[in-house]
Each structure stands twice: as structure tokens, then as C-alpha cells.
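Here the structure is laid out as C-alpha cells; the discussion comes afterwards.
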Amino acid sequence: MKRVLLILTGGTISMVKHQQTGALYPADLATFKTYVPELATGNIQVDTVSFDPLIDSSDISIHDWVKMAQTVYDNYNDYDGFVILHGTDTMAYSASALSFMFEDLNKPVILTGSQLPIGVLRSDARENLLTAIEIAAEQDADGDALVPEVCIFFEDKLMRGNRCTKRNAEHFSAFKSYNYPSLAKAGVHITYNIHLVHYNDPRATLKLHTRMDCNVAVLKLFPGITKNIVHTFLNAPGLRGIVLETYGAGNAPSRAWLYEELKDAISRGIIIVNKTQCLTGSVNMELYEVAQNLVKAGVLSGRDITTEALLTKMMLLLGECEDNNTVIQMLQKNICGEITME
């Protein structure tokens, strides 16, 4: 019998309705299981562990990422796959972080949740959960995991975790992978796009990286942004890395003061990576003249990476690497499918 470990962290999916008051509240593990009796049936053994207390995903921190990763790592040899129940608001950040924290991952780690609580009649929770469990247990003819990645499963799609962004707060199709196709689609049958899956050496031993530096930030450019705002932002105490969200293919205002501010920050050891504000497409700082100042200042290209993946990748590299040169080199490499290399 295949074995899957279900890790409950919290979120809408863990909410149930109080029988007397009708109010929604976080369910304990025993109550949660009564809403999904299928966990105790079938040909997959599902064991469960739960965060105590359960947390709203808006409160997710680096400490919680480490706790999730450590739980998987400590139980890695005992299970065929892992499913993490998580609130949707920061799920893309957590999936991205976990993808970088695991080196040489060879088993599925599937994050899922729901738009409606599991204790609500029309909830999408049960289908998301049960399909995620099935995917986490799926193996090929040789007994190897079919999708040994950190992924998000939502509604009917399995997506690479570090390629996802939450796109909708109301529809069941809450997530989308804009720059990379889905790894699988669930209907009557689950259809896998095996050629899109990232595989590591199956003989490799899982390594866990947990040192992260959260002294990073996102600076989003907009028409009318002032020198004073940018200067204050770039001189925040302890700042080590910036995701610079630019226009279109990586363009920025051709103001001399912006060039000087960015160049000064980079000369002080702050790493700045260019990320387009567009959901689809890639940074190309060679395309338009207005991006040339960014190149001259030393801004790196984020290519087609998501903001969630870039932030968490930067956090991990700044925490794990001893010098900025190594961080810069690794930011420009594809570690686990997070960017498209030309």
C-alpha cells in the first residue's frame, strides 16, 4: 500500500461550521477527518500531522516554511509522497520557498487548499485534497514518483510550485502558471505531461536548506515615482536584495537620478533583480533603450521568474551563500525549473 503524509497548516480548507452558531472555525484533526472519510479508505494509507495551532496563511513566516520542510525531511523515507494543506493567500510563496529548500527531491510535495471551507456544502476542498493525495502517491512502472516536485494542485490542474501565482480571490481556479504549462490535468482521468516534469538524479540523497535571510523587498515602479521614495527605499537598514518590478520587457524610466540611485545601492552590495510587472513574458533588457541604464547600473535579469519565486530564491541564497558573487551567479541559474533558460 502506498503511503502519503498529509500535513495540515491551516487556511480556508481546514475551516468547518459550528452546528449551533453557524460560524466557521478551524477544525482540529479529529473533526477534519470526519469531513473526509475517504482518507481511511482506498489503496493509499494517509497519515496526518497538524500544526498546533493552525495558522492563517497571511501569517506565514520563514519559521513556518522551515517547519513544513523539516516535517517532510524527517518523514521522507517513510512515505511515497506528501500533501500540505495551506491557505491560498500565500501558497505560491510557500511552494516557491519549499522548492528551493529541498535539493535533489525525488518525491512529490503537493500543496493544496480551497476557496470554500471543507465544512461548506459547495466546497472545493474535498476534490482538491483527494486528487492531490492521488497525485502524491502516483508512481511509474519502476516504482519511482511520477511528479517528484513541489507543486500546487488546484481545481483541475497540477502546476509547478515555483511557477504559480494566485490570480483570483473568488473563482475555484485560484492559481495559474503563466510562463510554464501545467504538469497534469485532472478530469475523469488524470493526464500527466511527463515531458514537462523536472527530474533529479534518483540515486541522490535529499538535502535540506533552511537558512534564509528575509532582508529583501519588492520595489514596484510606477509613473510619477519620486527620487525621495526610491532613495528612502534603497537605504533601508539591513536591506540586501531587491526585486525591481519594471514595465513590459523590463523597462524603467530613463531618469538620471534613478540610474544613480540603483548604481549606488548595487555598489553598497545590494543585489537588484529586474522582474516584469506583466504576468506573462520575460525580461529582456537589451530590447529597448530605456532599459539600458538598468544594465549599466548592474541590475540582473529575472527572465520569466515569478515575484514569489524570485523573493524566496533570493532569501535562501542570501541565507546559505557566504558571498554576494555566489548569490549573483545562482540567481542567474535555473535551480529547479523556476526560470526558462534560452
Transitive ILVMFWY cluster of [X] at side-chain heavy atoms under 4.5 Å: who else is in it?
X	result
Met1	none
Leu121	none
Leu116	Phe172

Pairs meeting criterion side chain to side chain donor-acceptor pair (under 3.5 Å) with involvement of residues 328-339, two or more places apart =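 For residues 328-339, and leaving out neighbouring residues, the side chain to side chain donor-acceptor pair (under 3.5 Å) pairs sorted by first residue read Lys313-Glu338.
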
Pairs flagged by side chain to side chain donor-acceptor pair (under 3.5 Å) wherever residues 178-196 is involved - sequence neighbours left out | Asp156-Lys185

Using a 3.5 Å distance criterion without hydrogens, assess whether the side chain of [X] forms a donor-acceptor pair with backbone atoms of [Y].
X	Y	answer
Tyr247	Phe222	yes
Ser123	Pro117	yes
Asn106	Asp201	yes
Asn324	Gly269	yes
Gln277	Glu245	yes

Say whether Thr9 and His86, considering side chains only, have a donor N or O and an acceptor N or O under 3.5 Å apart.
-> no

Which residues share a salt bridge (Lys or Arg N to Asp or Glu O under 4.0 Å) with [X], sequence neighbours left out:
X	value
Asp304	Arg163
Asp89	Lys166
Glu138	none
Asp59	none

Could you grab the distance from atom CG of Leu311 to atom CD1 of Ile305, nearest 0.5 Å is fine?
-> 9.0 Å

What's the spacing between Ser301 OG and Ile339 CD1 if we round to 0.5 Å?
->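 One gets 8.5 Å once the value is rounded to the nearest 0.5 Å.
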
Find out if a path of hydrophobic residues (ILVMFWY) with successive side-chain heavy-atom gaps under 4.5 Å connects Val218 to Met91.
->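 Looking at the clustering, Met91 is in the same group as Val218.
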
Has Lys67 got its NZ or CZ under 6.0 Å from the middle of the six-membered ring of Phe51, at an angle within 45 degrees of the ring axis?
-> yes

Is Lys296 positioned over the aromatic face of Tyr259, cation under 6.0 angstrom from the ring centre and no more than 45 degrees off axis?
-> no

Residues that Phe32 engages under ring pair (Phe, Tyr, Trp, His ring centres under 6.0 Å), provided they are two or more places apart |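 Phe32 satisfies ring pair (Phe, Tyr, Trp, His ring centres under 6.0 Å) with no other residue.
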
For Phe102, what residues pass the ring pair (Phe, Tyr, Trp, His ring centres under 6.0 Å) criterion, not counting sequence neighbours?
->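 Phe102 satisfies ring pair (Phe, Tyr, Trp, His ring centres under 6.0 Å) with no residue once adjacent residues are dropped.
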
Anything under 3.5 Å between a donor and an acceptor, one on a side chain of residues 226-234, the other on a protein residue two or more places apart or in another chain? List them.
from, atom 1, to, atom 2, distance (Å)
Thr226, OG1, Ile229, N, 3.3
His231, ND1, Asn235, ND2, 3.4
His231, ND1, Glu261, OE1, 3.1
His231, ND1, Glu261, OE2, 3.2
Thr232, OG1, Asn228, O, 2.8

Has Glu127 got more than 12 heavy atoms of other residues, nucleotides or ligands less than 6.0 Å from its CD?
-> no

